[in-house]
Protein chains: 2
Amino acid sequence: MDPKQDSDGFQPLDREGLVQRVARLLSKAIVTGQLSQGERLSESVVARQLGVSRAPVREAARLLENSGLVTYLPNRGFFVRSISSRELADLYEFRLVIETAAVRRLIRDGLGESETRLVQQIEEMRRVAGPGFDMLTQVEADMEFHRLICAGSGNPKYLATFDQIAMASELTIMMIGRLYDDAQRLAETHQPILDALLRHDEPEAVEALRYHIEVARDLVVEQFRNMEEKPD
Amino acid sequence: MDPKQDSDGFQPLDREGLVQRVARLLSKAIVTGQLSQGERLSESVVARQLGVSRAPVREAARLLENSGLVTYLPNRGFFVRSISSRELADLYEFRLVIETAAVRRLIRDGLGESETRLVQQIEEMRRVAGPGFDMLTQVEADMEFHRLICAGSGNPKYLATFDQIAMASELTIMMIGRLYDDAQRLAETHQPILDALLRHDEPEAVEALRYHIEVARDLVVEQFRNMEEKPD
DNA sequence: GTCAAGGAAATTGTCGACAATCGCCAAACC
DNA sequence: GGTTTGGCGATTGTCGACAATTTCCTTGAC
């Protein structure tokens with residue numbers, strides 16, 4: 001997500017702490033479905049399996065709690081969050097609110113570097129839409145586009161909030177097992193948003209975003225409802 | 001903030017963990033200015049002073065990080081967050097976005113119990129506006145009104161997000177040392193919002209909220225800028 | 001058979017100790 | 001004199017152990 005190639009000079013080297021590594025492992029396990037809904041996330045068990053102490057596991061779990069991937073119950077521990085279709089709809093509504101605000105600021109303040117970044121990201125989405133890429137990669141490319149919108153807005157709050165809920169979005173998409181009809185089409189549905197952004201057409205950009213997210217919401221929520229009714 | 005009098009039934013008894021108690025102590029210390037901007041929040045020192053181990057202090061600090069009260073730097077520890085006037089403006093913009101969305105849903109889905117709650121909260125604000133109440137109490141009553149708006153909206157995401165940023169708002173208001181001209185007037189400025197809500201007049205409610213928050217923002221940000229220029 | 005009480009096992013909550021890392025300051029070098 | 005290097009003190013990072021709490025199973029009464 002972040003390790004940009006810094007052209008010249010050395011890379012910051014993996015100064016990533018144990019907590020982050022554990023957090024990433026856990027989140028990946030949850031998003032890819034290795035850990036199932038409502039499952040207990042025992043500190044001791046995870047710690048033993050990873051060969052570390054409980055302390056970093058605990059902190060990592062707290063981090064995931066902020067992303068909405070796990071729930072913490074006092075004296076009971078962490079559980080993989082189970083999301084209802086209702087919560088899912090709420091989540092998409094929330095995303096719409098945040099991203100709409102971000103788009104507005106983005107246009108008002110000027111795109112700046114975001115212009116090339118967004119263009120490149122759609123290209124990236126097209127690239128990973130081809131064969132040889134798994135769905136997780138495609139979903140992440142999708143989320144990165146929306147993330148860039150939030151990142152480009154002058155207000156860091158939008159990005160911070162988006163990052164908190166992005167994981168949960170990824171999770172649900174992975175759960176339903178497909179995104180739209182195919183990844184290629186998914187990439188194209190972002191084009192109208194970008195076009196409007198490039199034209200600095202605020203009403204159209206907001207409208208395109210609204211349409212994009214609401215379509216996604218309806219699709220995801222419907223698929224999800226089906227799963228709720230008859231869980232395999 | 002939370003310990004509501006629950007009318008009938010027993011109180012949950014102080015089943016509040018050590019972490020929450022430490023977190024509340026620290027946040028109060030920060031908001032009331034006992035801990036100053038940028039000051040280091042040493043785990044060991046705090047733990048020694050409170051007579052507890054470092055573990056709960058650490059967790060409490062992580063909690064405060066989510067509220068934006070402290071910053072965490074890897075291998076360097078926690079520091080009381082110093083907020084710039086720029087961030088402050090961003091914060092208010094963000095609040096406007098969230099609360100506007102909440103108001104929209106509140107009106108669309110019907111007020112329900114929020115109606116009486118909001119009315120009571122304005123009364124509460126008037127009550128604590130009188131003599132014998134300190135500013136922290138008045139600020140908290142203010143924030144609680146806005147919190148109720150988010151709580152009443154059907155989408156829990158709005159409330160969760162609001163709670164994350166509420167502390168930072170309180171902090172800055174406490175920092176500038178006064179809110180509006182006086183607490184009495186502050187209470188009254190909420191009336192137009194409530195009136196519009198009770199009439200189910202969405203455009204007017206949104207407009208009243210926008211006006212209210214932008215006035216607050218301008219006042220707070222300006223005061224804050226003055227402090228930045230010549231810090232006493 | 002159902003339900004309540006009791007207790008054992010497992011899990012979280014907290015703790016104190018040790019290892020890793022950082023910031024500072026003095027010493028050495030150009 | 002200015003810069004780099006080395007080490008010292010302090011702080012965070014991680015750990016294993018113990019206390020408190022919950023969960024689940026057993027036991028017993030009705």
Side-chain angles (χ1 to χ4, degrees), chain A residues 9-27 29-30 34-82, chain B residues 2 10-27 29-30 34-82:
Chain A
F10 290 100
Q11 273 182 294
L13 203 49
D14 247 18
R15 295 294 280 94
E16 176 181 57
L18 193 52
V19 174
Q20 275 81 9
R21 244 186 303 171
V22 174
R24 194 146 47 165
L25 249 135
L26 285 179
S27 59
I30 294 175
Q34 293 175 37
L35 276 62
S36 47
Q37 300 261 98
E39 186 172 337
R40 170 177 225 127
L41 209 57
S42 168
E43 296 175 16
S44 344
V45 173
V46 174
R48 237 187 333 262
Q49 287 178 344
L50 297 182
V52 297
S53 130
R54 274 174 50 212
V57 174
R58 209 179 155 79
E59 283 202 35
R62 272 258 147 86
L63 251 48
L64 295 201
E65 194 192 5
N66 296 337
S67 309
L69 289 186
V70 305
T71 306
Y72 169 72
L73 299 171
N75 290 319
R76 312 249 343 261
F78 296 93
F79 296 83
V80 179
R81 189 121 194 272
S82 60
Chain B
D2 257 331
F10 289 101
Q11 273 182 296
L13 204 48
D14 248 17
R15 293 296 280 95
E16 173 182 59
L18 194 51
V19 174
Q20 275 80 6
R21 243 186 304 171
V22 173
R24 194 145 47 164
L25 244 122
L26 284 179
S27 59
I30 294 175
Q34 293 175 38
L35 276 61
S36 47
Q37 300 262 97
E39 186 173 336
R40 172 178 224 124
L41 210 57
S42 169
E43 299 175 15
S44 347
V45 173
V46 174
R48 235 187 335 261
Q49 287 179 344
L50 298 182
V52 298
S53 133
R54 272 176 50 213
V57 173
R58 210 179 154 78
E59 284 203 34
R62 273 260 146 85
L63 251 50
L64 295 202
E65 194 192 4
N66 297 337
S67 309
L69 288 185
V70 304
T71 306
Y72 169 73
L73 298 171
N75 290 318
R76 309 232 306 121
F78 295 93
F79 296 84
V80 179
R81 189 121 193 273
S82 60

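In the text below, chain A, chain B and the rest are named by the order of the sequence lines, each starting its count at 1.
With values rounded to the nearest 0.5 angstrom, B/Leu63 atom CG is found 12.0 Å from B/Arg24 atom CZ. A/Leu64 contributes atom CG, which lies 5.5 Å from atom CD1 of A/Ile30 (distance to the nearest 0.5 angstrom). Residue A/Leu25 holds its CG atom at 9.0 Å from CD of A/Gln34, rounded to the nearest 0.5 Å. One finds the OG atom of A/Ser67 at 11.5 Å from the CG atom of A/Leu26 (value rounded to the nearest 0.5 Å).
No donor-acceptor distance shorter than 3.5 angstrom exists from the side chain of A/Arg58 to the backbone of A/Ser53, with no hydrogens or angles considered.
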Legend entry - Letter per nucleotide, 5' to 3', of nucleotides 12-18 of chain C [B base touched, S only sugar-phosphate touched, - untouched; heavy atoms, 4.0 Å]: BBSB-B-
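With sequence neighbours left out, the salt bridge (charged side-chain N to carboxylate O under 4.0 Å, His left out) criterion links A/Glu39 to no other residue.
We find that CD of A/Gln20 is positioned 16 Å from P of D/dT12, with the value rounded to whole Å.
Two end axes, each from the C1' atoms of five base pairs, can be drawn for the helix from C/dG1-D/dC30 to C/dC30-D/dG1; they diverge by 20°, to 10 degrees.
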Inset, instruction - Take B/Arg81 and B/Leu69 through the side chain to side chain contact (heavy atoms under 4.5 Å, CB included) test and state the conclusion after the steps. - result: CA-CA 5 Å; B/Arg81 189 121 193 273; B/Leu69 288 185; 5.8 Å; no
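Residues B/Leu41 and B/Val70 approach most closely at CD2-CG1, 4.0 Å, considering heavy atoms.
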